[in-house]
2 protein chains.
Amino acid sequence: MPAVSDCINMLDSETKAVETPEDHAEELRLWLRLLTCTTLIEGEVRGRLRQRFDVTLPRFDLMAQLDKAPDGMTLSDVSKRMMVSNGNVTGLVERLVESGHLDRRTSETDRRVQVIRLTKLGRAEFRRMAAEHEAWIADLFADLTPKDVRELMRLLAKTKASAQKSAARSRP
Amino acid sequence: MPAVSDCINMLDSETKAVETPEDHAEELRLWLRLLTCTTLIEGEVRGRLRQRFDVTLPRFDLMAQLDKAPDGMTLSDVSKRMMVSNGNVTGLVERLVESGHLDRRTSETDRRVQVIRLTKLGRAEFRRMAAEHEAWIADLFADLTPKDVRELMRLLAKTKASAQKSAARSRP
DNA sequence: GGAAAACATTTTAGGCTTAAAACAATTTGG
DNA sequence: CCAAATTGTTTTAAGCCTAAAATGTTTTCC
């Protein structure tokens with residue numbers, strides 16, 4: 001039979017991970033910095049889009065998706081690509097159809113599906129905005145060298161893969 | 001007097017930046033990847049907070065700010081730290097006071113100012129959530145080596161500085 | 001001292017966002 | 001074939017978020 005002191009030691013050692021949890025302060029700081037960068041840039045782009053073109057960022061993002069898909073996309077496609085909820089897309093599309101930027105029609109092969117496309121107006125306006133938008137992004141990242149950009153791309157790819165794995169683990 | 005062909009060449013050369021704009025596709029891709037990473041992680045954290053603690057991410061973020069400030073913060077401080085609008089904070093605080101997590105009082109030295117603090121309940125609940133939250137973040141970044149983390153920190157610091165400079169340029 | 005500027009917060013109006021439930025159409029498997 | 005599961009979208013209820021205007025307070029500076 002172990003002595004009392006042994007029991008205490010065993011307990012301490014067994015529960016160590018709980019009592020003195022590992023230090024993940026670095027990862028936490030990294031996450032906060034990542035979030036700060038994104039929030040900063042996103043806010044800047046949002047403001048410039050509003051001031052310059054009187055358009056919201058979500059509308060711009062949706063149009064950007066459609067610009068890459070001349071044959072149109074389904075609402076589900078858009079929702080997955082933009083990583084937003086289905087209901088969100090429904091509302092966004094509604095307003096963009098209303099303003100004449102989007103064309104929405106029910107698929108002829110599957111009546112559940114709505115296919116949306118940019119209208120001529122929508123495409124023209126998007127192209128005009130996209131050109132300036134690209135210049136803004138270039139300016140926001142202007143202090144990064146090409147090497148910095150490559151390195152960030154690599155590390156963010158790794159981050160994305162890591163996060164996706166973690167997300168998959170959390171819902172089997 | 002220059003020949004016609006010279007005029008054309010001059011025109012081409014002078015308008016080159018407009019006609020064949022510089023290629024900033026790399027920066028654009030970087031921005032999209034940055035945004036994807038953040039959205040992915042943010043969505044994951046949001047979902048886990050909701051499922052595990054029935055709390056929203058903005059509430060958690062606000063409580064995190066206050067946990068670091070035992071003497072409380074003004075609404076403006078919070079608004080700047082969280083990089084959200086003033087009105088947004090007003091609403092968030094209202095709901096957290098309502099639920100008993102926050103204490104709000106008018107400053108005695110400046111009657112414009114509202115000072116908010118975590119209540120005992122608020123602090124206890126936050127600490128409980130924060131412990132798990134830190135583990136989630138560690139897991140989401142699990143595939144990054146310590147060197148990756150350091151390098152990302154460095155590059156994101158550079159990115160933040162670059163974006164802040166660009167933002168300052170755009171509103172003198 | 002008092003008008004004007006600056007500041008902190010709230011209000012307003014509109015849009016964005018989500019999760020969950022509801023609905024509609026298609027596919028699947030007995 | 002047809003009931004059950006799946007898929008695509010919309011609806012609902014609640015909360016988040018912003019920009020701009022409004023309100024109340026303090027500071028500045030003639």
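Each chain gets a letter, A, B and so on, in the order its sequence line appears, and its residues count up from 1. Small disclaimer: the values here were computed from a predicted structure and weren't measured. The basis for the numbers below is simple: all heavy atoms, side chains too, and nothing from hydrogens, waters or symmetry mates.
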Length of the line joining [X]:[atom1] and [N]:[atom2], which is rounded to integer Å:
X      : N      : atom1 : atom2 : value
A:R48  : D:dA19 : CZ    : C1'   : 18 Å
A:M73  : D:dT9  : CE    : P     : 11 Å
B:L75  : C:dT10 : CG    : C1'   : 10 Å
A:R111 : C:dA24 : CZ    : C1'   : 10 Å
B:L49  : C:dT18 : CG    : P     : 15 Å
B:D54  : D:dG15 : CG    : P     : 11 Å
A:I116 : D:dT10 : CD1   : C1'   : 14 Å
A:L57  : D:dC16 : CG    : C1'   : 16 Å

For [N], take OP1 and OP2 only and decide whether either is under 4.0 Å from a side-chain N or O of [X].
X      : N      : value
A:R50  : C:dG15 : no
A:R46  : D:dA19 : no
A:S76  : D:dT7  : no
B:S79  : C:dA8  : no
B:R104 : C:dT10 : yes

Assign each of A:R95 and B:Q114 the nucleotide of DNA chain C bearing its closest heavy atom; nearer the 5' end lies the nucleotide of B:Q114

Both A:G91 and A:D110 contact DNA chain C. Taking the nearest nucleotide for each, which residue is further toward the 5' end?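 Taking each residue's closest nucleotide, the earlier one in sequence belongs to A:G91.
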
Tell me which nucleotide among C:dT9, C:dG15, D:dT9 gets nearest to the side chain of A:R59.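 Nearest listed nucleotide: C:dG15.
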
Taking the minimum atom-to-atom distance to the side chain of B:N88, which one of C:dT11, D:dC17, D:dT9 wins?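 Between C:dT11, D:dC17, D:dT9, the one nearest the side chain of B:N88 would be D:dC17.
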
Pairwise 5' ranking along DNA chain D for A:T90 and A:Q51, keeping only the more 5' one: A:T90

Would you call [X]-[Y] a salt bridge at under 4.0 Å N-O?
X      : Y      : answer
A:R29  : A:E26  : yes
B:D148 : B:R150 : no
B:E44  : B:R48  : yes

Contact class for A:S85 (heavy atom, under 4.0 Å): base, sugar-phosphate, or nothing?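 Contact class for A:S85: base.
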
When A:K160, A:K158, A:K165 are each screened for salt bridge (charged side-chain N to carboxylate O under 4.0 Å, His left out) with B:D143, the one that passes is A:K165

Is there a donor and acceptor pair closer than 3.5 Å between the side chain of A:R112 and the base of D:dT7?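 It does, because a donor-acceptor pair links the side chain of A:R112 to the base of D:dT7 below 3.5 Å.
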
Minimum side-chain heavy-atom gap B:M63-B:M129 below 4.5 Å: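 Yes; the side chains approach each other to less than 4.5 Å.
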
